[in-house]
Protein chains: 2
Amino acid sequence: MNNQSLDSVVYQFIEDAGNATKSLGMGRVLGQIFAYLYFSQDPISLADMQDTLGISKGSASMGVRQLEKWGAVKKVWVKGDRKDYYIANDWFGRILKNAVMDTLSEKMESYASSLGSAEKSLDDLADGNGREKFIRDRLKHLGDFHDRVRGLVKNPLVKALFK
Amino acid sequence: MNNQSLDSVVYQFIEDAGNATKSLGMGRVLGQIFAYLYFSQDPISLADMQDTLGISKGSASMGVRQLEKWGAVKKVWVKGDRKDYYIANDWFGRILKNAVMDTLSEKMESYASSLGSAEKSLDDLADGNGREKFIRDRLKHLGDFHDRVRGLVKNPLVKALFK
DNA sequence: TACTTCGTTCAGTACAAACTGAACATAACA
DNA sequence: TGTTATGTTCAGTTTGTACTGAACGAAGTA
């Protein structure tokens with residue numbers, strides 16, 4: 001086996017990972033960068049990423065920062081080189097958790113806010129007619145579900161699954 | 001309280017729901033349609049959706065079909081009318097589960113396929129040098145995590161949370 | 001059978017998100 | 001201090017996708 005055929009396996013995987021993150025709505029470069037680092041033994045610089053992945057300076061910089069935020073990659077020091085180097089973290093449970101939290105928790109807040117203001121509006125105009133009661137009931141039911149999903153995060157059983 | 005102010009509460013919610021589904025990558029109309037049905041006491045036709053939400057015929061048709069696929073809405077019969085009418089289901093746990101499964105399970109298959117073909121390629125060219133071993137190890141670790149996520153779905157504890 | 005009403009399809013469009021790259025900021029070095 | 005090497009930012013461009021609407025099909029009606 002030679003390094004070239006090993007490379008082709010890795011390149012294929014980089015492409016697949018890019019498609020995966022893209023189809024998950026996270027953009028293609030995130031998957032590409034992470035896969036590249038994940039299969040590299042040595043730390044990788046931003047310039048390496050640009051060259052190997054054929055992406056722009058801006059994409060490499062912003063992509064790697066996003067991954068760092070989620071704990072997916074880590075900056076490392078390479079003696080005698082001014083460049084920033086990165087390696088991949090392989091604690092997937094933690095990475096997934098961070099990414100999901102980061103993208104979902106602010107949305108949950110926003111949903112709570114919508115529910116709250118709807119309830120408040122209803123209270124202001126309450127007269128208890130049929131339609132108002134119906135809407136109030138449905139709002140209540142939706143709020144209960146929202147709370148349940150919210151509570152799910154704190155559930156120790158679920159927490160354990162991300163360890 | 002009059003119906004107009006009730007309407008404005010509902011309209012606001014429809015807008016919020018549309019933004020929510022949109023930001024989750026499911027398109028705005030899905031949220032709009034579901035919210036409209038969810039707060040309507042009577043069954044709603046496709047024409048109603050077009051009028052109330054200001055969306056096209058095509059969007060109403062395709063949106064409602066998607067929601068039906070996930071069990072979020074149900075077609076109902078209205079005597080003496082040829083139109084199709086729909087009402088919202090309120091079993092959110094089931095709806096969420098169906099939606100997540102529908103959008104994720106095929107992706108999981110695709111990831112498994114990528115992992116599989118990478119492993120196979122490695123086996124074909126195995127010579128046990130350092131880099132190949134490194135890549136093989138990382139691939140193994142990734143595969144283990146994939147299996148763990150896959151198993152998560154069948155976990156009775158998780159299942160219970162979607163009841 | 002011709003006409004009307006309704007739902008579906010899909011090529012085209014409009015819009016939003018991802019990516020680019022040049023200008024800028026920062027820090028090391030001579 | 002000027003020069004070089006590097007990272008960041010963001011206005012502009014590209015790309016992808018959700019939505020539109022006209023054409024079509026199906027099924028009821030007169």
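Letters A, B, ... mirror the listed sequences (proteins, then strands); counts begin at 1.
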Measure distances between side-chain N and O atoms of Lys57(A) and base N and O atoms of dG7(D), and say whether any donor-acceptor pair falls under 3.5 Å. yes

In whole Å, what is the span from the CE atom of Met26(B) to the C1' atom of dG16(D)? 19 Å

Between CD1 of Ile55(A) and P of dT15(D) the distance, given in whole Å, is 16 Å

Integer-rounded Å distance: dA17(C) P and Leu30(A) CG: 16 Å

Among side-chain atoms of Ser45(B) and Asp48(B), is any donor-acceptor pair under 3.5 angstrom? yes

In whole Å, what is the span from the CD atom of Gln32(A) to the P atom of dA18(C)? 14 Å

Is the closest basic N to carboxylate O distance between Glu15(B) and Arg28(B) below 4.0 Å? no

Of Met62(B) and Ala47(B), the one whose nearest nucleotide on DNA chain C sits closer to the 5' end is Ala47(B)

Roughly how many Å is it from CG in Asp81(B) to P in dA27(D), rounded to a whole number? 17 Å

Do Asp42(A) and Arg131(B) meet the salt-bridge criterion of a basic N to acidic O distance under 4.0 Å? no

So, OP1 or OP2 of dC19(D): does either fall under 4.0 Å of a side-chain N or O from Ser59(B)? no

Counting distance alone, no hydrogens or angles: does the base of dG7(C) have a donor or acceptor under 3.5 Å from a partner atom on the side chain of Lys83(B)? no

Upstream residue (5' side of DNA chain D) when Leu46(A) and Ser23(A) are each assigned their closest nucleotide: Leu46(A)

Nucleotide dA5(D), atom P - distance to CZ of Arg82(A) in whole Å: 8 Å

From the list Ser117(A), Ser114(A), Ser113(A), side chain to side chain donor-acceptor pair (under 3.5 Å) partner of Asp16(B) resolves to Ser114(A)

Heavy atoms under 4.0 Å, any strand shown: does Gly58(A) hit a base, just sugar-phosphate, or nothing? base

Can you find a side chain N or O atom of Arg28(B) that sits less than 4.0 Å from OP1 or OP2 on dA16(C)? no

Between dA28(C) (P) and Trp77(A) (CH2): distance, integer Å: 8 Å

Whole-Å distance between dC6(C) P and Tyr85(B) OH? 8 Å

Less than 4.0 angstrom from a charged side-chain N to a carboxylate O is my criterion; do Asp144(A) and Arg148(A) meet it? no

Report yes if a side-chain nitrogen or oxygen of Ser61(B) is closer than 4.0 Å to either non-bridging phosphate oxygen (OP1 or OP2) of dT8(C); otherwise report no. yes

